[in-house]
Student: 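Would you mind keeping the following structure in view while I ask a few things?
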Amino acid sequence: MSLLPAFVILTVAFLLLGAVATARGQTLPSQTGTVILNGDSLASFTLEGRQLEIARSEIVDVSGQAFKKALRITTGPGALSEWNVQLTAMTDAPIHASDVLLARFWMRCTESMTGEGFIGFIYELAHPEFDKAAEVRLAAGEKWRECSVRFRAPRDFPAGEARVCLRIGYDRQTIEIGGMQITDYGKSVKLEDLPRTNVTYSGRGSESAWRREALARIEKIRKGDLTVVVTDSAGKPVDNATVHVTLKRHAFGFGSCVTTDLLLDPSPDGQKYRATIEKYFNRAVFENDMKWQAVYAGISPKLDQALAWLLDRNIEVRGHNLFWPGWKWLPPQLRQIEGNPDELRRVSAEHATSVVSHFKGKLPQWDVVNEPYTNHDLLDLLGGNRIMVDWFKLAHEADPECRLFLNDYGILEGGPDGAHSKSFYETIEFLKENGAPIGGVGIQSHFAAALPSPRQLLQTLDKFSEFGLPIELTELSLNLDDRDLQADYMRDFMIAAFSHPNVNGVMLWGFWEKRHWRPQGALFATDWTIRPHGRAWIDLVMRQWQTDDQSLTNAKGSTTTRGFLGTYEITVSAGAKSKKLSAKLAREGITVKVTLD
Ligand code: XIL
């Protein structure tokens, strides 16, 4: 045997190692874990879901890769959601809470409309509530892509009760998956030391049709014609007058949750916090200060003071929330009357009436009930959903002008057919049918690595528009550490939201890292430097969706600007004369007559 083949083998091995190391930037740990799913076990995957008729799966040969076989899945047109077609395989070794795991596999897309194909990788309990340990979306083009998904088990997964699930209900794609291996490293490896493939979402590409359509819709529904007609004191048209129109206040709500302590904090951070709110937001909501636990012993004068600061600046404030009916979020004192439903009913009614009355006329919206799907202890104690109708009625009596909401999470995240969405839909139906004065649908919008496509966001919004109630996106947070992805998703989420005719506002769930429930989701870092997704947000809200236009009147004394809806400052000047006024632009347009005298 000559030396050459050994040299070639070593070189190839070296090159491969090098390629792997640079492609992932990280190598595999030296520790050996327990393999809970082996790459050769392709046959253990079964195809399931509600739209199996549009999918076909087969095992195909592969050459030139470390694995010899792959699963090829072809999804035809008409997929309604990605989980309507999925491949699942049970894993049979037990996983313990806090174990660190790594799933590795290869995928490629041999055919699709864009050249890119998607899968959703999920590791979950194989029975309700389908608790998840991992949930990410990944994309690949025509070349094999090595994918690594690292995750930590949030709970025990007993042997034979957990599964890997690949969601593949994406329109018209053929993807191949091979070499899958899932390893449980127990507690011997740090999550951060494992490789990870960047996640993405469908519809991210710059040429995406959904975005083109959405931007066209925005032009149509979020703008109106603002005509200014200028005459002199004799009523004659003034031509060549300069008309400057500036949008001062958007009709659409752009806001964030805020906290009393920072609103009143005299430190430089407090000042920066307030300046940021004034600069960027026309809406706000208190993160915790109006919740039952916070107001149980009485409404703090500081909250009133912080609220006054916001209202003085013309910042609209939502009430959040009257009832978050899980023990975790209820005043612990209620435990003492747990066995006395009459007393519980009385105390909860008194709470609704007193809190809503206290803020009467100041809050145009209240979240009356928050998250009843997962937090229902108080509902159970009071005989079920009916009590919510009473709470809505009491809130309405206390402030008839206030728009009352049911608010929940998992709606956009899980899509229109998810279990959470179904329950939310049925609860709204129930409230309406039983005469609850519900005036709006509150959809929270907390996202992590499983990012629904903007098309799917729009589908979910369509579904919840069926009630004829306005929608507020009440708690946007993007808990992602891939800053490019975070920025792109912020842009696309905001475009989708602003383009939907039934959505009236988007509230961020915090904007500053030091005061954010998912700090990596904050627009501004601790030292107030702006993150890329903060820039994406500001670019849309403060630049692209702003109107600041100057023009000259024609021979009829008139000039028209197509501008975003809201309140304008209009300055008209001709020669030495000038006038400033304010006007509100609605979708049907307005004509403002100005006499220069
Ligand atoms: C969160 C706050 O951000 C945290 O500070 C607090 O500890 C718990 O509540 N859904 C909601 C919000 O409706 O009220 C929650 O706010 C986040 C999830």
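First listed ligand is number 1; within each ligand, the first listed atom is number 1.
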Student: Is there a side-chain contact between His96 and Lys187 in this structure, where contact means two heavy atoms from C-beta onward sitting under 4.5 Å apart?
Tutor: yes

Student: For atom 9 (O) of ligand 1, grab the closest protein heavy atom and report residue, atom and distance to one decimal in Å.
Tutor: Lys291 NZ, 3.1 Å

Student: Relative to the heavy atoms of Gln444, which atoms of ligand 1 are at a distance of less than 4.0 Å?
Tutor: 10 (N), 11 (C), 13 (O), 18 (C)

Student: Give the atoms of ligand 1, by number and element, whose distance to some non-hydrogen atom of Glu371 is under 4.0 Å.
Tutor: 10 (N), 11 (C), 13 (O), 18 (C)

Student: Any salt bridge between Asp99 and Arg152, counting N to O under 4.0 Å?
Tutor: no

Student: What atoms of ligand 1 come within less than 4.0 Å of a heavy atom belonging to His320?
Tutor: 11 (C), 12 (C), 13 (O), 14 (O)

Student: Please check if any side-chain donor atom of Asp417 sits under 3.5 Å from a side-chain acceptor atom of Trp83, or the reverse.
Tutor: no

Student: Backbone, side chain, both or neither: what part of Thr474 comes under 4.0 angstrom of ligand 1, heavy atoms only?
Tutor: neither

Student: Note the single closest protein heavy atom to atom 8 (C) of ligand 1, along with its residue, its atom name and the distance in Å.
Tutor: Trp329 CZ3, 3.7 Å

Student: Find all atoms of ligand 1 within a distance of less than 4.0 Å from any non-hydrogen atom belonging to Trp324, and give their numbers and elements.
Tutor: 9 (O), 14 (O), 15 (C)

Student: Is it the side chain, the backbone, both or neither of Trp509 that has a heavy atom closer than 4.0 Å to ligand 1?
Tutor: side chain

Student: Answer yes when Lys132 and Glu135 have at least one side-chain N-carboxylate O distance shorter than 4.0 Å, and no when they do not.
Tutor: no

Student: With Asp367 as reference, evaluate Lys291, Arg318, Arg403 under the salt bridge (charged side-chain N to carboxylate O under 4.0 Å, His left out) test and give the passing residue.
Tutor: Arg318

Student: Nearest heavy atom to atom 13 (O) of ligand 1 wins, so pick from Arg515, Glu475, Gln293, His446.
Tutor: Glu475

Student: Can you list the atoms of ligand 1 that are under 4.0 Å from a heavy atom of Asn370?
Tutor: 11 (C), 13 (O)

Student: Which residue from Asp367, Asn321, Thr259, Asn288 reaches closest to atom 7 (O) of ligand 1 through any of its heavy atoms?
Tutor: Asn288

